[in-house]
Amino acid sequence: MMTTMTNIATPLIVPRPDFAAIAAWVKPGARVLDLGCGDGSLLRYLRDACDVRGYGVEIDDDNILACFKNGVNVIQGDLESGLSGFESGSFDYVILSQTLQAMKHTEGIVKEMLRVGKEGIVSFPNFGYWQNRLQIVFGRMPVSEALPYQWFDTPNIHLCTLGDFEAFCHQHGAHILERRVMSGDRQITFAPNLLGTLAFYRFERLK
Amino acid sequence: MQDPTSVGIVTPKSARFDASLRLKSGAVLDGYELVYETYGALNADKSNAVLICHALSGTHHVAGYYADNEKNIGWWDNMIGPGKPIDTTRFFVIGVNNLGGCHGSTGPASINPKTGKPGKPYGADFPVVTVEDWVQAQVQLADYLGIKQFAAVAGGSLGGMQALQWALDFPDRVRHALVIAAAAKLTAQNIAFNDVARQAIMTDPDFHGGDFYSHGVVPKKGLRLARMLGHITYLSDDSMAEKFGRDLRSGVHAYNFDAEFEIESYLRYQGDKFAGRFDANTYLLMTKALDYFDPAHAHGGDLSTAFRAAQADFLVLSFTSDWRFSPERSRTIVKALLDNGRDVSYAEITSSHGHDSFLMEDRHYHDLVRAYMDNLAT
């Protein structure tokens, strides 16, 4: 099923190798808000692995139902209009897992994450991955496991590289605490902006 | 052939409570009766009970039908039954008619034991009851049935307000609250609608200050108007347009004041039907209970503080076209629950049926309730 641009529920249909990476950063018993939580499987994973008290925010009806079936808390709402239903500093972590690149109001949501969460965790497909670069060199928009869509049907409207995101954080008052770059289930430490397919960042408001 | 998803033939029961009940207003009710129905079986632990709270014109007849009238089907029969979202093969479901009602529980038309005259109904002397009072009375029924803790208390509209009140007043007696198409308090506009309805009833010459029973009349004209007005607010502009549009009954303009448009005819019919079966005093009491409901009031208007007592998990549902209890009102409830770290899920269901959506059979709506109830431990 193709997602529309406003439907940011599940922009990626690949199996998500990021659960364990995110769980490694989340302290047991933490309060977690998962933005664009899809069917709630990350929340469920975090609940089982880290005993978190979690809530998801999701817009899509089918995903809301899937969250109910997964037995996780979910609040139906549109991330594009912000997080006004959530108190400032009310969560230990606000997670935006593989959703950033599909958001229209990228700056707005990161600002809201910094307001509502003590820390933010973001993951996104790295557009700087060498295969993506190579496909562009050959004159075509990249299509890969991490970016499975064609240019005309992709929900991913704000793709970026590791370098782009780090510059963005610098400009928007987000202090990066930790970074992790993956390719499949392997962690990439050498030339991550070239060799990594998926990037994870943990950040907080610049003090 | 009997519908396998219906609870089938049901029989109302009645419970008499002799202990007096002090109401929020300060008035005291010396004993009262509650009429109720049950569906499914209470398990050995008595842990699978679900209480259904009714809305303004609802009753204890929530599901199934009566042996002497198969067409008299419970008001939430599409939600409750074997294999239905609130599954009576798992849950023991209770429907109860609230105090002040007109379907068997003690209300304005019941005989007032305090009056000197034998056989005189309460009428205008029936005290104003609040959502808190209803919950107090429902607790007595729970005790009577041996239920210490409900698996869930559920309701739509005014029923959802009772589910909320349960969670606030008796946090250890309700594990889940299903708050559907409700609000934490009425808006000024909502109170305004209610007052117009009340004025319609109270200015009817047949109302006799609420003591119309002894005059052998019923303020049908007022009740009919009240219902017509209410009915408009329960529907959406879109659903009315879709159902009636500007359709004329005879196809041509008659240039008089008869029911020419289909919507006029429909509303008049609904008004007449309601006026023939509902008690005017009960209508006044129910709308007043709606108006008074405001758990934040005692906490300086801070709903988050008011919800501190709650221990239950919550399901909050709203409907996009419901302008009388809009999604925004439900989001206020959700925010207060989040502020208190309660487990809460919220869905905004796309529907064109306005406030009445909570009574309608809608696949997504029912799937959500089913999924929620399926995960509920008994």
Side-chain angles (χ1 to χ4, degrees), chain A residues 4 6-7 9 29-35 37-41 43-44 46-48 51-94 112 115-118, chain B residues 85-86 152 175-180 184 302-305 307-308 311-320 322 326-351 357 362-377:
Chain A
T4 62
T6 50
N7 178 0
R31 264 173 72 88
V32 170
L33 185 64
D34 182 9
L35 306 178
C37 66
D39 64 6
S41 41
L43 274 174
R44 190 176 172 157
L46 290 175
R47 185 188 61 196
D48 296 346
D51 195 28
V52 303
R53 192 163 189 100
Y55 303 84
V57 180
E58 178 54 61
I59 191 167
D60 178 72
D61 283 348
D62 292 339
N63 278 329
I64 294 283
L65 179 59
C67 285
F68 275 46
K69 287 181 178 167
N70 270 323
V72 298
N73 296 316
V74 64
I75 312 294
Q76 190 158 22
D78 184 2
L79 297 180
E80 300 287 8
S81 52
L83 301 175
S84 59
F86 301 91
E87 205 56 51
S88 298
S90 58
F91 285 89
D92 296 311
Y93 305 94
V94 179
E112 281 288 77
R115 179 183 67 82
V116 170
K118 294 183 180 80
Chain B
I86 299 175
R175 293 199 297 278
H176 298 82
L178 281 71
V179 180
I180 304 172
D302 186 350
L303 196 62
S304 298
T305 310
F307 280 9
R308 239 173 235 168
Q311 295 295 317
D313 296 350
F314 285 79
L315 170 64
V316 181
L317 298 176
S318 72
F319 299 89
T320 51
D322 183 353
S326 72
E328 188 54 43
R329 317 297 302 158
S330 284
R331 282 196 293 265
T332 305
I333 296 171
V334 172
K335 168 74 166 55
L337 292 169
L338 283 169
D339 288 347
N340 284 287
R342 303 281 10 116
D343 273 328
V344 53
S345 279
Y346 168 65
E348 208 166 292
I349 296 153
T350 304
S351 166
S357 298
D362 173 89
R363 180 150 174 213
H364 180 56
Y365 168 37
H366 280 197
D367 281 350
L368 289 174
V369 175
R370 183 191 308 276
Y372 191 82
M373 294 301 291
D374 279 353
N375 275 331
L376 215 129

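Computation of the quantities below employed the complete heavy-atom set of this structure, encompassing side-chain atoms and omitting hydrogens, waters and symmetry-equivalent molecules. A note on names: the letters A, B, ... follow the listed sequences, proteins ahead of strands, and every chain is numbered from 1.
- In terms of heavy-atom pairs under 4.5 angstrom with chain B, the leader among N73(A), V72(A), I64(A), N70(A) is N73(A).
- Proximity to chain A (any heavy atom under 4.5 Å) is shown, for D367(B), by both the backbone and the side chain.
- For the pair Q76(A) and R331(B), the minimum side-chain heavy-atom distance is 4.5 Å or more.
- Residues E348(B) and D61(A) come closest through the heavy atom pair O-OD1, 4.4 Å.
- Looking at F68(A) and V369(B), their side chains never come closer than 4.5 Å, going by heavy atoms from C-beta outward.
- Distance CD1/I75(A) to NZ/K335(B): 12.0 Å, rounded to 0.5 Å.
- Of all heavy-atom pairs spanning N375(B) and K69(A), the tightest one is ND2-O, 3.4 Å.
- Heavy atoms of other residues, nucleotides or ligands lying less than 6.0 angstrom from NZ of K118(A) number more than 12.
- Among all heavy-atom pairs drawn from Y55(A) and D343(B), the shortest one is OH-N, 4.1 Å.
- Only the side chain of L315(B) comes within contact range of chain A, judged by heavy atoms closer than 4.5 Å.
- Interface remark: of the candidates A371(B), S345(B), S304(B), S345(B) forms the most heavy-atom pairs closer than 4.5 Å to chain A.
- Residue contact with chain A, scored on non-hydrogen atoms closer than 4.5 Å, involves the side chain of V334(B) exclusively.
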